[in-house]
Q: 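This is the structure I want to talk about, given as structure tokens.
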Amino acid sequence: MSLFVRKPIGSLLNEAGETGSHTLKRTLGAWGLVALGIGAIIGAGLFSITGMAAANHAGPAITISFIVAALGCLFAGLCYAEFASMIPVAGSAYTYSYATMGEFIAWIIGWDLVLEYAVGAATVGISWSRYLVKFLEGFDVHLPHDLTVGPWDGGIVNLPAVFIIVLMSLLLIKGTKESAFVNAIIVALKIAVVLIFIILGWKYINTANYNPYIPDNTGKFGDFGFSGIIRAAAIVFFAYIGFDAVSTAAQEAKNPKRDMPIGILGSLAICTLLYILFAHVMTGVTNYTTFAGKDGIAPVALAIEKMGTPDATGMVQPDYPWLNRAIVVAILAGYASVILVMLMGQSRVFFSMSKDGLIPRIFSTVNPVTQTPAKSNLLFMLFVSLFAAFVPARVVGEMTSIGTLFAFILVCIGVWVMRRKMPEIPRSFRTPLVPLVPILGIFVCLFMMVFLPMDTWIRLLVWMLIGMDIYLAYGAKNSHLGNGTTQRKGMKMAHIVGIGLSLLLVVAGFLHQYTVGFETDHTLLYISIIFAAVHLVLFGARIGKVTK
């Protein structure tokens, strides 16, 4: 059986219809799914990335950047909605790729989703710890520095990060219904704080701060002008990540064919509107240049300080100083729900991959009492919390963004393929204007990927090569649709792909060094060359041993 064997649609539909204690429990309605999406989308990215992207790349036109990023999400979201209504099975883009482009592509996208969910959850956990320390300091409570950061950041262990990951994991193990209830409360809090910022800040907008709305390019690619707007769109795209996690809960939806499109598109629409209004107010109450050099919640805090009346000396006295503390509470709650949905999404993707035999069976074991993949949740709780406890905090959002954009591209391709190959399959939601919408989704997402920094491409290629190693060593042999051997048709092609990825890694390494200058640090270049050389030898040695 070929590595590109597709999973039969009939098999997927039978899987979607399974019931009993060995299956996931259907507890989520349409609004529960919308809340799940909002819970994953609105995090601290809105409060921190907006100011940075405006100051360094787009100026007041950051609102246009949010619209561009939303368009990429919309095209992909329409494709996700069709797939989710047609194949209501856990696994998201992994499952859709398995049905349309075959096992090998499905593995690549499944491994890519690990980058978005598991690694993303650990990164968010580290940031949650930072904001907790900041929040407690406001009450004159100071946690020991050694216990709030990992060894690479001058501490011993990041215990707050471990705490929130363990807490969210235990909530997932308890049950999906309970998790959804807590998430709904958090979502209500986050939306309330965002709306308060918009409503209170609107009357302090100074239209002079919007002039010029699109600052002239400095002569450097990505610094204002048109290229700056697109660069900012690729960066703020990180703030949209999460709506696709709704599709991983398809087997826990009460009426997935109707409710999944509502959950995906509804959460995306609500968050897009809030993001544009938030950015408009933020760049209206103070000039975008004042956000330069700020990070964390500093850009929003600076905007709040400008919401007031000048005194006799001309200094603005903020009218709502309490709002900064409310923003930190919203960030803490927002990050908690992001971690919850990411951990849920990861366990559901691995649930599907395990049922297909590509990874060990333990990841698809369902607890008969809670009807959740409890063992899988425990394993991820251990892995992600250890990662968050000890890894350095310097994990950028662009790494997660590039993985998500790649997933979106494959889903858009998948819808196009399914319309041509299997037009007879019932679809309760149909993506409009096929193939135009999928093509636009591919183009916009690829366009934003190109505008991401080159070191992000290096990390993606390294991650993909590690995934290739695992698939060729375990997944290809143990796949339920395979023949129990590593000598499957398409093995030679897989090794050729591995060689191609290795060569691309070398190219990315040199392009990155060229961008930053050959007189600067060469660490990433050396890592790229060494990692690629090892894999070129491995894949080159094996390619002569495979016959197909």
Side-chain angles (χ1 to χ4, degrees), residues 42-70 134 193-240 272-328 330-331 397-398 451:
I42 299 181
L46 172 64
F47 305 108
S48 58
I49 293 177
T50 304
M52 179 270 290
N56 299 333
H57 302 291
I62 186 64
T63 51
I64 301 176
S65 299
F66 271 117
I67 293 171
V68 172
K134 184 188 296 287
V193 172
V194 171
L195 287 175
I196 288 171
F197 177 86
I198 293 170
I199 294 170
L200 294 182
W202 197 270
K203 65 180 180 179
Y204 297 103
I205 290 177
N206 180 1
T207 54
N209 289 323
Y210 297 134
N211 187 24
Y213 196 72
I214 304 177
D216 293 334
N217 184 265
T218 62
K220 184 178 179 182
F221 184 82
D223 285 2
F224 307 108
F226 174 76
S227 65
I229 291 174
I230 304 302
R231 169 65 64 84
I235 293 172
V236 300
F237 178 82
F238 176 73
Y240 281 104
T272 298
L273 178 61
L274 291 176
Y275 281 10
I276 293 171
L277 292 174
F278 190 94
H280 181 72
V281 171
M282 192 171 168
T283 54
V285 297
T286 185
N287 192 277
Y288 71 92
T289 56
T290 60
F291 299 132
K294 308 294 182 181
D295 58 3
I297 66 162
V300 178
L302 190 63
I304 292 171
E305 289 173 2
K306 298 295 183 180
M307 296 179 188
T309 306
D311 58 18
T313 64
M315 294 291 294
V316 175
Q317 299 300 318
D319 291 340
Y320 310 105
W322 53 267
L323 189 52
N324 271 324
R325 187 164 292 173
I327 292 289
V328 178
I331 289 174
E398 288 93 335
F451 276 75

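Keep in mind that the numbers below use all heavy atoms, side chains included, and drop hydrogens, waters and symmetry copies. Computed from a predicted model, the values in this text were never measured in an experiment.
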Q: About how many Å separate OH of Tyr204 and OG1 of Thr309, when rounded to the nearest 0.5 Å?
A: 5.5 Å

Q: In Å and rounded to the nearest 0.5 Å, what is the CG to NZ distance from Asn206 to Lys306?
A: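 NZ of Lys306 is found 11.0 Å from CG of Asn206.
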
Q: Roughly how far, to the nearest 0.5 Å, is the CG atom of Leu277 from the CE atom of Met282?
A: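 Here the rounded value is 14.0 Å.
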
Q: Report the distance from atom OH of Tyr275 to atom CD1 of Ile62, rounding to the nearest 0.5 Å.
A: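 Answer rounded to 0.5 Å: 12.0 Å.
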
Q: Is there a side-chain contact between Pro60 and Pro215 (heavy atoms, below 4.5 Å)?
A: yes

Q: If you compare all heavy atoms of Asn209 against all heavy atoms of Gly284, which two are closest, and at what distance to 0.1 Å?
A: ND2-O, 2.8 Å

Q: Could you give the side-chain donor-acceptor pairs of residues 194-203 under 3.5 Å, partners two or more places apart or in another chain?
A:
{"unit_1": "Lys203", "atom_1": "NZ", "unit_2": "Tyr320", "atom_2": "OH", "d": "3.3"}

Q: Hey, are the side chains of Ile205 and His280 touching, using non-hydrogen atoms and a 4.5 Å cut-off?
A: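 SC-SC contact between Ile205 and His280 confirmed.
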
Q: With a 3.5 Å cut-off and sequence neighbours excluded, list the donor-acceptor pairs that the side chains of residues 221-239 form with protein atoms.
A:
{"unit_1": "Ser227", "atom_1": "OG", "unit_2": "Asn217", "atom_2": "ND2", "d": "3.4"}
{"unit_1": "Ser227", "atom_1": "OG", "unit_2": "Gly222", "atom_2": "N", "d": "2.9"}
{"unit_1": "Arg231", "atom_1": "NE", "unit_2": "Phe451", "atom_2": "O", "d": "2.6"}

Q: So, taking the atom named CG in Asp319 and the one named CD1 in Ile304, what distance separates them when rounded to the nearest 0.5 Å?
A: 12.0 Å

Q: For residues 53-65, which residue pairs pass the side chain to side chain donor-acceptor pair (under 3.5 Å) check, not counting sequence neighbours?
A: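 Applying side chain to side chain donor-acceptor pair (under 3.5 Å) to every pair that reaches into residues 53-65, excluding sequence neighbours, yields Thr63-Tyr213.
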
Q: Got a second to check how far Trp322's CH2 is from Ile327's CD1, nearest 0.5 Å?
A: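 Those atoms lie 9.0 Å apart.
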
